[in-house]
Student: 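Have a look at this one.
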Amino acid sequence: MEVLVLLKKVPDTGIPLKVAADGTDIDRTGITYVMSPYDEYALEAALRLKEGGKITGLSVLTLGDAGADEILRTALAKGADRAFRIHAENFELLDGWATARAIHAWLKDQSFSLILAGKEAVDDASSQVPFYLATLLDWPAVSYAVDLDVDGDRAVVERETDRGEEKLALPLPAVVAFDRAKYEPRLPNLRGIMQAKRKPIETVSVEIPEPTVKRTGLEMPPPREAGRVTTNDFPQNVEELIQFLEEKGLI
Amino acid sequence: MIVAFVETLDGVLKDVALETVSVAHRVKETLGGEVVAVGAGKKVEGLEQLGKAGADRVLFVEDERLEHAAQARAHALLKVLEGKDVRAVVFPATKPGKEVAPFVAAGLSAPMLTDIVDFSFEGEALVAKKPLYAGKVIGTFRLEHPVLIFSHRPKAFAVRRDGAEAPVETVQVEVDPRALRVEVLEIKAKEKGEVDVAEADYIVSGGRGMGGPENFKLLYDLADALTRLTGKKVAVGASRAAVDAGWMPHSHQVGQTGKVVSPELYIAVGISGALQHLAGMRTSKVIVAINKDPEAPIFKIADFGVVDDLFKVVPELTRRLKERAGE
Ligand SMILES: Cc1cc2nc3c(=O)[nH]c(=O)nc-3n(C[C@H](O)[C@H](O)[C@H](O)COP(=O)(O)OP(=O)(O)OC[C@H]3O[C@@H](n4cnc5c(N)ncnc54)[C@H](O)[C@@H]3O)c2cc1C
Ligand SMILES: Nc1ncnc2c1ncn2[C@@H]1O[C@H](COP(=O)(O)O)[C@@H](O)[C@H]1O
């Protein structure tokens with residue numbers, strides 16, 4: 001049984017970003033990239049299934065530019081068996097529907113039984129691609145997984161919703177999108193990093209559809225007005241805080 | 001017609017549904033037609049209230065099997081909309097809304113936009129703003145399509161209250177067994193009574209500075225005092241550091257890998273203000289920070305900051321609020 005994990009390359013979440021001078025993109029100077037955090041949880045879940053002998057093969061796929069090979073390399077170092085990249089220079093400007101169709105164009109000739117993804121990529125936070133894909137494949141899918149097991153011909157998913165904790169079973173093949181999992185993603189070890197150097201990254205080309213949702217501008221969020229900070233002594237500072245809440249009509 | 005997805009959970013109508021209907025009404029001002037609020041799941045009371053926010057009518061598919069799997073709910077929605085002249089479908093960008101919406105869009109082979117915070121029209125094309133990179137940047141997007149599908153950020157749009165009650169019709173649809181492939185094995189429902197951070201009017205959030213799980217009681221007391229004084233829904237939130245330490249459940253986490261919130265008031269207590277935390281709360285209307293470190297980045301975005309020990313400030317604040325509430 002073969003599993004595919006979808007990984008998207010995104011700017012490191014700990015770095016402040018600004019809009020580039022010409023206003024068409026973010027300023028890319030000094031930006032480092034990572035796999036989107038929820039994808040990292042999905043990958044960790046897959047690695048655990050592999051270690052548990054529940055799956056036979058673990059592949060990873062990104063749709064992205066040549067720079068995205070780096071996150072595939074990281075996944076290989078962590079223990080993925082095969083890595084694929086659908087080449088798309090403009091992947092950050094594709095909407096979910098276009099991305100899913102491009103991935104599907106390749107996927108329809110593959111034979112995976114389970115596809116894992118993030119609940120959303122943290123750049124556009126669209127929460128779309130896994131669900132478009134599931135529909136194109138006519139597979140069952142759920143989001144917000146925090147743990148996953150494979151039990152015969154079904155995936156057993158634990159997830160967190162507004163209701164509380166749910167345990168669901170999906171007949172395979174299926175798509176499961178991850179929230180923050182119950183466990184932390186591992187770091188690759190030295191041996192993995194060495195082995196990954198010998199594993200190939202297979203680049204594939206498919207026709208990339210034009211996005212229907214077009215990005216026409218970027219701006220910085222309105223700055224928050226500089227507030228007041230009190231360094232006065234207790235309990236005068238609490239008095240000031242209460243006055244502030246009153247002025248704002250909050251109490 | 002303009003469709004507003006009605007969010008319900010186990011037979012309860014969610015407040016956010018009024019926002020979704022209000023947004024749909026704003027779409028109708030340009031595209032015309034009627035606003036039809038559509039929901040599916042366990043039987044719900046009070047749906048006629050959606051008329052006040054601008055729904056012309058409400059259609060509800062009463063079927064318990066649709067309560068758990070988003071795919072099944074989306075399928076029911078698609079069945080209801082079949083053959084109708086649908087110009088737009090609006091969802092809330094909540095946990096359930098973000099899961100149902102893409103299945104509906106996929107069923108219509110249509111693109112969609114997630115989590116918009118503002119919009120206008122250029123002719124019949126939707127021009128919408130949405131936060132990118134966890135709110136560090138705002139993007140403008142243009143969507144031109146026969147059916148405009150999008151989700152709106154909760155609390156980003158005003159609720160209309162000037163309409164009249166709307167007629168509610170319960171509808172039956174034939175649910176395809178393939179849409180019901182997800183089987184529920186077990187449910188551990190959350191304790192009732194706790195306000196979810198995503199739905200709160202005010203949030204009191206604690207970070208590593210709280211020092212331990214027992215001290216979150218201080219925040220629950222403060223939340224309680226605020227509720228009594230103002231009648232608002234007040235939730236207790238947490239930073240990832242507090243969640244990782246096991247002091248609070250993940251469902252309370254605010255931030256990039258937690259929930260994105262925009263309450264009227266956000267009080268950050270013993271939270272430094274890392275970018276990933278700000279990602280979840282920077283659009284709060286008013287931000288208050290209580291932190292003993294004057295250099296903490298949270299003060300850069302706070303409307304009011306108190307530089308002091310939280311273990312002095314919070315109990316005193318609670319005491320004074322209780323006093324005002326007449327206790
Ligand atoms: C991919 C990724 C995703 C992440 N997602 C999230 C997320 O969703 N949410 C999130 O919050 N973080 C997230 N983080 C973590 C984030 O980077 C920070 O590590 C975290 O927010 C720090 O939490 P904190 O402010 O509680 O702790 P700290 O940064 O340790 O700050 C504690 C603060 O408490 C103050 N303090 C201590 N004692 C007292 C006292 N007695 N009185 C007053 N003040 C006191 C200190 O001065 C300090 O400023 C994420 C990180 C990564 C890499
Ligand atoms: N370009 C991409 N390449 C690989 N996986 C992707 C890509 N875009 C989205 N995904 C997957 O789909 C998930 C949800 O993305 P999104 O729908 O963009 O929020 C991501 O967390 C990834 O797992």
Side-chain angles (χ1 to χ4, degrees), chain A residues 11 13-14 16-17 19 26 37 95-97 120 122-128 131-132 135-136 138 140-144 156 160-171 180 212-221 224-225 227-231 234-235 237-238 241-242 244 248 250-251, chain B residues 9-10 68-69 71 95-96 98-99 102-103 106-107 111-115 132-143 145 181-190 196 229-230 250-251 256-257 264-265 275-276 286 288 294 299 301-308 312-313 316-317 320-321:
Chain A
T13 60
L17 298 177
V19 179
I26 51 169
D95 57 57
W97 178 224
E120 62 195 29
V122 302
D123 51 358
D124 56 13
S126 285
S127 177
Q128 296 178 13
F131 316 106
Y132 275 122
T135 308
L136 288 167
D138 190 22
V142 294
S143 192
Y144 310 120
V156 177
E160 264 180 34
T161 65
D162 290 346
R163 182 178 286 113
E165 289 164 35
E166 301 183 349
K167 198 177 210 179
L168 308 173
L170 287 72
R180 186 176 168 212
T212 329
V213 183
K214 297 206 166 62
R215 196 173 87 189
T216 57
L218 281 183
E219 63 194 285
M220 297 303 286
R224 292 195 72 98
E225 266 176 51
R228 265 191 282 156
V229 176
T230 174
T231 48
F234 181 82
N237 52 12
V238 178
L241 171 54
I242 286 178
F244 169 81
K248 291 282 175 190
L250 291 162
I251 56 171
Chain B
L9 178 70
D10 291 335
H68 293 275
Q71 236 166 348
K95 249 185 160 179
K98 279 170 126 179
E99 197 183 20
F103 287 124
M112 67 163 291
L113 259 168
T114 306
D115 200 24
L132 296 172
Y133 307 103
K136 289 174 198 165
V137 175
I138 310 289
T140 306
F141 292 85
R142 192 168 195 280
L143 170 57
H145 199 269
R181 281 176 286 182
V182 175
E183 185 194 341
V184 178
L185 300 179
E186 199 185 315
I187 304 278
K188 261 191 260 162
K190 274 199 285 235
D196 189 304
L229 185 60
T230 63
H250 180 238
S251 55
Q256 174 121 44
T257 39
E264 294 162 41
L265 172 64
L275 274 176
Q276 294 97 342
V286 174
V288 169
F299 288 125
I301 66 147
D303 299 287
F304 194 88
V306 179
V307 180
D308 206 344
K312 286 191 334 214
V313 174
E316 175 66 7
L317 179 61
R320 309 249 329 227
L321 293 174

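Because the structure is predicted, anything quoted here is derived from the model rather than measured. Every chain is numbered from 1 and lettered A, B, ... according to where its sequence line falls, protein lines coming before strand lines. Below, each value reflects all heavy atoms present in this structure, side chains not excepted, and no hydrogens, waters or symmetry copies.
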Student: Would you indicate whether Lys248(A), at its atom NZ, is surrounded by more than 12 heavy atoms from other residues, nucleotides or ligands within a distance under 6.0 Å?
Tutor: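 No, because the 6.0 Å sphere around NZ of Lys248(A) holds 12 heavy atoms or fewer from other groups.
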
Student: Could you tell me if the side chain of Ser251(B) sits less than 4.5 Å from the side chain of Asp196(B), heavy atoms only?
Tutor: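 They are not in side-chain contact.
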
Student: Could you state the interatomic distance from NZ (Lys188(B)) to CZ (Arg163(A)), rounded to the nearest 0.5 Å?
Tutor: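 Going from the NZ atom of Lys188(B) to the CZ atom of Arg163(A) covers 15.0 Å.
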
Student: I'd like to know which of Arg180(A), Met220(A), Glu166(A) tops the heavy-atom pair count under 4.5 Å against chain B.
Tutor: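 Counting heavy-atom pairs under 4.5 Å, the top option is Arg180(A).
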
Student: Does Lys167(A), at its NZ atom, have more than 12 non-hydrogen atoms belonging to other residues, nucleotides or ligands within less than 6.0 Å?
Tutor: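 Open.
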
Student: Between Arg181(B), Arg142(B), Lys136(B), which residue shows the highest count of heavy-atom pairs closer than 4.5 Å to chain A?
Tutor: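 Highest number of pairs under 4.5 Å: Arg181(B).
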
Student: Looking at side-chain heavy atoms only, is the closest gap between Pro37(A) and Thr13(A) below 4.5 Å?
Tutor: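 In contact.
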
Student: At a 4.5 Å cut-off on heavy atoms, which part of Asp303(B) comes close to chain A: side chain, backbone, both, or neither?
Tutor: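 Contact with chain A involves both backbone and side-chain atoms of Asp303(B).
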
Student: Any sub-3.5 Å donor-acceptor pair from Lys95(B)'s side-chain atoms to Glu160(A)'s backbone N or O?
Tutor: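 Such a contact is found between Lys95(B) side chain and Glu160(A) backbone.
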
Student: Heavy-atom cut-off 4.5 Å, strictly under: side chain, backbone, both or neither for Val288(B) against chain A?
Tutor: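 Just the side chain, heavy atoms under 4.5 Å.
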
Student: For Phe244(A), is it the side chain, the backbone, both, or neither that has a heavy atom closer than 4.5 Å to a heavy atom of chain B?
Tutor: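 Phe244(A) touches chain B through side-chain heavy atoms alone.
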
Student: Out of Pro171(A), Ala141(A), Pro235(A), return the one with the most heavy atom pairs under 4.5 angstrom to chain B.
Tutor: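 The option with the most such pairs is Ala141(A).
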
Student: For the residue pair Phe103(B) and Phe131(A), does the interplanar ring angle fall in the parallel (under 30°), tilted (30 to 60°) or perpendicular (over 60°) class?
Tutor: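 Perpendicular, since the angle between the ring planes exceeds 60°.
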
Student: Is the shortest heavy-atom distance from the side chain of Thr114(B) to the side chain of Glu120(A) under 4.5 Å?
Tutor: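 No, their side chains stay 4.5 Å or more apart.
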
Student: So, do His68(B) and Ile187(B) sit near enough that their side-chain heavy atoms are less than 4.5 Å apart?
Tutor: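 Side chain of His68(B) against side chain of Ile187(B), heavy atoms only: contact under 4.5 Å found.
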
Student: For Thr257(B), is it the side chain, the backbone, both, or neither that has a heavy atom closer than 4.5 Å to a heavy atom of chain A?
Tutor: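 Its backbone and side chain both get close to chain A.
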
Student: Please look at Leu229(B) and chain A and tell me whether the side chain, the backbone, both or neither of the residue comes under 4.5 angstrom of a heavy atom of that chain.
Tutor: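 Answer is side chain: those atoms of Leu229(B) sit under 4.5 Å from chain A.
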
Student: So which residue, Asp162(A), Ile26(A), Thr231(A), ends up with the most heavy-atom pairs under 4.5 Å with chain B?
Tutor: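 Most heavy-atom pairs under 4.5 Å with chain B: Asp162(A).
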
Student: Would you mind checking which part of Pro11(A) comes under 4.5 Å of any heavy atom in chain B, side chain (CB onward), backbone (N, CA, C, O), both or neither?
Tutor: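 It is the side chain, since no backbone atom gets that close.
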
Student: Measuring heavy-atom distances to chain A, does Gln71(B) have an atom under 4.5 Å in its side chain, in its backbone, in both, or in neither?
Tutor: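 For Gln71(B), the side chain is the part near chain A, not the backbone.
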
Student: Is any side-chain heavy atom of Leu241(A) less than 4.5 Å from a side-chain heavy atom of Glu316(B)?
Tutor: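 The answer is no, as the side chains (C-beta and beyond) never meet within the 4.5 Å cut-off.
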
Student: Which bit of Phe234(A) comes within less than 4.5 Å of chain B, counting heavy atoms only: side chain, backbone, both or neither?
Tutor: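 Contact with chain B involves both backbone and side-chain atoms of Phe234(A).
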
Student: Is it the backbone or the side chain of Pro111(B) that comes under 4.5 Å from a heavy atom of chain A, or both, or neither?
Tutor: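 It is both, since atoms from each part get that close.
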
Student: Let me know if Ile138(B) has heavy atoms under 4.5 Å from chain A in its side chain, its backbone, both or neither.
Tutor: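 Both parts, backbone and side chain.
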
Student: Between Gly227(A), Pro140(A), Ala125(A), which has the largest tally of heavy atom pairs under 4.5 Å with chain B?
Tutor: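 That would be Pro140(A).
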
Student: Select one option (side chain, backbone, both, neither) describing which atoms of Ala189(B) are under 4.5 Å from chain A's heavy atoms.
Tutor: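 Both backbone and side chain.
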
Student: Is chain B contacted by the side chain of Ile242(A), its backbone, both, or neither, given a heavy-atom distance below 4.5 Å?
Tutor: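 For Ile242(A), the contact with chain B is made by the side chain alone.
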
Student: Please classify the contact between Leu136(A) and chain B as side chain, backbone, both or neither, with a heavy-atom cut-off of under 4.5 Å.
Tutor: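 Neither part.
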
Student: Measuring from atom OG1 of Thr135(A) to atom CH2 of Trp97(A), what distance do you get when rounded to the nearest 0.5 angstrom?
Tutor: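 These two atoms lie 8.5 Å from each other.
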
Student: Give, as side chain, backbone, both or neither, the part of Thr161(A) having an atom under 4.5 angstrom from any heavy atom of chain B.
Tutor: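 Contact with chain B: backbone only.
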
Student: Nearest 0.5 Å please: distance from the CZ atom of Phe304(B) over to the CG atom of Leu250(A).
Tutor: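 The CZ atom of Phe304(B) sits 12.5 Å away from the CG atom of Leu250(A).
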
Student: Among Leu170(A), Val19(A), Val122(A), who wins on heavy-atom pairs under 4.5 Å with chain B?
Tutor: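 The option with the most such pairs is Val122(A).
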
Student: Is there a side-chain contact between Leu132(B) and Leu218(A) in this structure, where contact means two heavy atoms from C-beta onward sitting under 4.5 Å apart?
Tutor: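 Yes; the side chains approach each other to less than 4.5 Å.
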
Student: Name the option with the most non-hydrogen atom pairs under 4.5 Å to chain A; the candidates are Val182(B), Leu321(B), Asp115(B), Leu113(B).
Tutor: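 When all of Val182(B), Leu321(B), Asp115(B), Leu113(B) are compared, Val182(B) has the most.
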
